[in-house]
Amino acid sequence: MSDHEVLCLGEAMVLVTPRHGQRLATAREAALGVAGAESNVAQYLADLGHRVAWASRVGGDPLGDRVLTAVARPGVDVRYVERDPSAPTAVYFKDPSCEDGTRVHYYRTGSAASRLTPAYLDTVPIAPSRLVHLSGITAALSASCAETATALFDRAREAGVLRSFDVNYRPALWSTEDASAPLLTLARQADVVFVGLDEAAHVWGTTTAEEVRDLIGPSVSVVVKNAEVGAVLFEPGADTGTFVPAEPVEVVEPVGAGDAFAAGYLSAWLRNDIPADRLRLGHRVAAFALSSVEDHADATSLRRPALDQDGAGR
């Protein structure tokens with residue numbers, strides 16, 4: 001039986017990035033990495049000293065080997081990841097130096113992870129966890145993935161496990177018309193939700209953090225992020241939110257910062273920190289991601305003393 005305290009579920013992909021900031025159309029060299037929203041969260045939580053398992057499916061191919069090795073490197077438990085010899089591991093490409101910033105191109109249709117079904121959850125122990133985490137990206141991959149996301153939250157609720165959800169809307173995967181209702185349904189099923197103010201406006205038509213909180217509902221902890229401005233947390237039953245400004249940082253690459261923020265916040269929650277300190281650690285871990293071209297930048301320097309079973313530092 002696993003002793004993980006956090007379970008993250010979702011697809012990880014091999015990432016191809018042209019060297020020297022060149023465009024895909026002209027680059028002659030590229031670097032291979034690994035990235036994925038939920039696997040990023042898992043790796044950052046492992047950096048911060050938590051016992052984390054990542055659940056997913058990858059192809060029975062060398063790229064699947066690469067994904068498993070990379071995600072496991074910080075100490076993430078990957079024993080529940082299934083290998084599919086008949087489907088590929090997903091790949092995506094970054095295209096730097098575009099007029100509107102870095103663009104990404106996904107090649108994940110028909111991937112091993114897109115074949116996730118609720119039956120897969122029978123192989124993954126949920127009850128030992130203190131929380132489960134997934135993002136809206138999982139629901140966008142296929143109808144069976146959407147069913148798996150809902151089933152994960154249903155099983156976590158039955159087991160008394162906290163449900164964490166990052167909206168993570170990706171227009172390359174589905175339209176706002178297709179995404180709006182499913183993302184809102186998952187957000188309302190969660191215990192804590194992370195969403196950017198701009199993406200909420202795009203998907204749900206909200207204009208303020210308070211409107212986002214009102215839309216999702218009063219029983220959910222809602223974290224609304226506003227880029228370099230800061231983040232506000234609305235706790236259930238609280239009349240006002242807790243706001244903490246973002247840390248100043250020179251942005252090298254914005255991709256992965258939201259995953260880092262979620263990991264920092266959840267790490268502080270696992271340690272029973274007060275709301276403002278949860279947001280502060282979220283900003284600190286996000287600053288690591290913003291200052292790196294990697295989707296996961298080693299954040300072990302932020303690790304605090306180990307916790308005993310009562311949540312106190314040793």
Exercise for the section: Considering only NZ, NE, NH1 and NH2 on the basic side and carboxylate oxygens on the acidic side, decide whether Asp95 and Arg103 come within less than 4.0 Å. Expected result: no
Practice task
Could you check Val76, Thr300, Val285 and say which one makes a side-chain contact (heavy atoms from CB on, under 4.5 Å) with Asp47?
Solution key: Thr300
Practice task
Please check if any side-chain donor atom of Glu11 sits under 3.5 Å from a side-chain acceptor atom of Ser111, or the reverse.
Solution key: yes
Fill in the blank from the handout: Scanning both residues in full, the closest heavy-atom pair of Gly10 with Thr138 reads CA-OG1, 3.6 Å
Practice task
State which residues pass side chain to side chain donor-acceptor pair (under 3.5 Å) with Glu82; sequence neighbours excluded, sorted by chain then number.
Solution key: Arg57
Practice task
Determine, stepwise, if the pair Tyr265 / Phe194 fulfils ring-ring contact (aromatic ring centres under 6.0 Å, His included).
Solution key: CA-CA 10 Å; Tyr265 178 96; Phe194 304 94; 5.3 Å; yes
Problem - Distance, nearest 0.5 Å, that separates CZ of Arg157 from CD1 of Ile126 - result: 11.5 Å
Practice task
State, yes or no, whether a side-chain contact exists between Ser164 and Leu266 at a heavy-atom distance under 4.5 Å.
Solution key: yes
Practice task
Identify the heavy atoms of Val71 and Ser39 that sit nearest to each other, and give their distance.
Solution key: CG2-CB, 4.0 Å
Can you give each donor-acceptor pair under 3.5 Å made by side-chain atoms of residues 223-231, sequence neighbours left out, with the distance rounded to 0.1 Å?
none

Exercise for the section: Decide side-chain contact (heavy atoms from CB on, under 4.5 Å) for Leu121 and Arg155; before the verdict, give the C-alpha distance in whole Å, the side-chain angles of both, and the deciding distance to 0.1 Å. Expected result: CA-CA 9 Å; Leu121 299 176; Arg155 296 189 187 198; 3.5 Å; yes
Handout entry: Side-chain ion pair, Arg51 and Asp77, N-O less than 4.0 Å
Key = no
Practice task
Grab the two heavy atoms, one from Pro74 and one from Ala46, that are nearest each other, plus how far apart they are.
Solution key: O-CB, 3.7 Å
Exercise for the section: In plain terms, say whether Arg284 and Asp277 are close enough for a salt bridge, that is, a side-chain N and a carboxylate O under 4.0 Å apart. Expected result: no
Exercise for the section: Look only at the side chain of His4 and the backbone of Pro125, and say whether a donor-acceptor pair between them is shorter than 3.5 Å. Expected result: yes
Exercise for the section: Please check if the distance between the ring centroids of Phe93 and Tyr106 is under 6.0 Å. Expected result: no
Fill in the blank from the handout: The complete set of side chain to side chain donor-acceptor pair (under 3.5 Å) pairs with one or both residues in residues 230-242, sequence neighbours excluded, reads Ser221-Glu235, Glu235-Arg278
Exercise for the section: Verify, without hydrogens or angle tests, whether Thr185 (side chain) and Ala181 (backbone) share a donor-acceptor contact under 3.5 angstrom. Expected result: yes
Handout entry: Residue pair Arg83 / Val58, side-chain heavy-atom distance below 4.5 Å
Key = yes
Handout entry: Minimum side-chain heavy-atom gap Asp191-Val220 below 4.5 Å
Key = no
Exercise for the section: Working to the nearest 0.5 Å, report the span between CG of Leu183 and CG of Asn168. Expected result: 9.5 Å
Problem - Expected output: side-chain Arg28 to main-chain Arg19 donor-acceptor under 3.5 Å - result: no
Problem - Residue from Val78, Leu15, Val14 passing side-chain contact (heavy atoms from CB on, under 4.5 Å) with Val67 - result: Val14
Exercise for the section: Decide whether Ser135 and Glu38 meet the rule of one side-chain donor and one side-chain acceptor closer than 3.5 Å. Expected result: yes
Exercise for the section: On the 0 to 90° scale, with breaks at 30° and 60°, tag the His202-Tyr169 ring pair as parallel, tilted or perpendicular. Expected result: tilted
Exercise for the section: Compute whether any side-chain donor of one residue and acceptor of the other, for Arg213 and Thr208, lie under 3.5 angstrom apart. Expected result: no
Problem - Ser144 versus Pro118, closest heavy-atom pair with distance - result: O-CD, 4.1 Å
Exercise for the section: Give a yes or no on whether the backbone of Asp65 and the side-chain of Thr69 come within a donor-acceptor separation of less than 3.5 Å. Expected result: yes
Practice task
Please report the closest heavy-atom contact between Val132 and Ala156, naming both atoms and the distance.
Solution key: CG2-CB, 3.7 Å
Exercise for the section: Give a yes or no on whether the backbone of Thr89 and the side-chain of Asp61 come within a donor-acceptor separation of less than 3.5 Å. Expected result: yes
Problem - Reference residue Leu152; test side-chain contact (heavy atoms from CB on, under 4.5 Å); the match among Val161, Val124, Leu9, Leu186 - result: Leu9
Exercise for the section: Check whether the side chains of Glu211 and Thr207 place a donor and an acceptor atom closer than 3.5 Å, and report yes or no. Expected result: yes
Exercise for the section: Using a 4.5 Å cut-off on heavy atoms from C-beta on, say whether the side chain of Thr109 contacts that of Ser114. Expected result: no
Handout entry: Close side-chain approach of Arg108 and Ile137, heavy atoms under 4.5 Å
Key = yes
Exercise for the section: Say whether, by atom type as modelled, one donor and one acceptor occur between the side chain of Asn40 and the main chain of Gly36 under 3.5 angstrom. Expected result: yes
Practice task
Determine whether Thr17 and Gln22 make a side-chain contact, defined as any pair of heavy atoms from C-beta on separated by less than 4.5 Å.
Solution key: no
Problem - Salt-bridge present (Arg163, Asp154; N to O < 4.0 Å) - result: no
Practice task
State, yes or no, whether a side-chain contact exists between Val6 and Arg130 at a heavy-atom distance under 4.5 Å.
Solution key: no
Practice task
Starting at CG of Asp166, measure out to CG of Leu134 and round the result to the nearest 0.5 Å.
Solution key: 9.5 Å
Exercise for the section: Using the six-membered ring wherever Trp is involved, compare the ring planes of His283 and Phe261 and label them parallel, tilted or perpendicular (cut-offs 30° and 60°). Expected result: perpendicular
Problem - Nearest heavy-atom neighbours spanning Arg271 and Leu48 - result: NH2-O, 3.9 Å
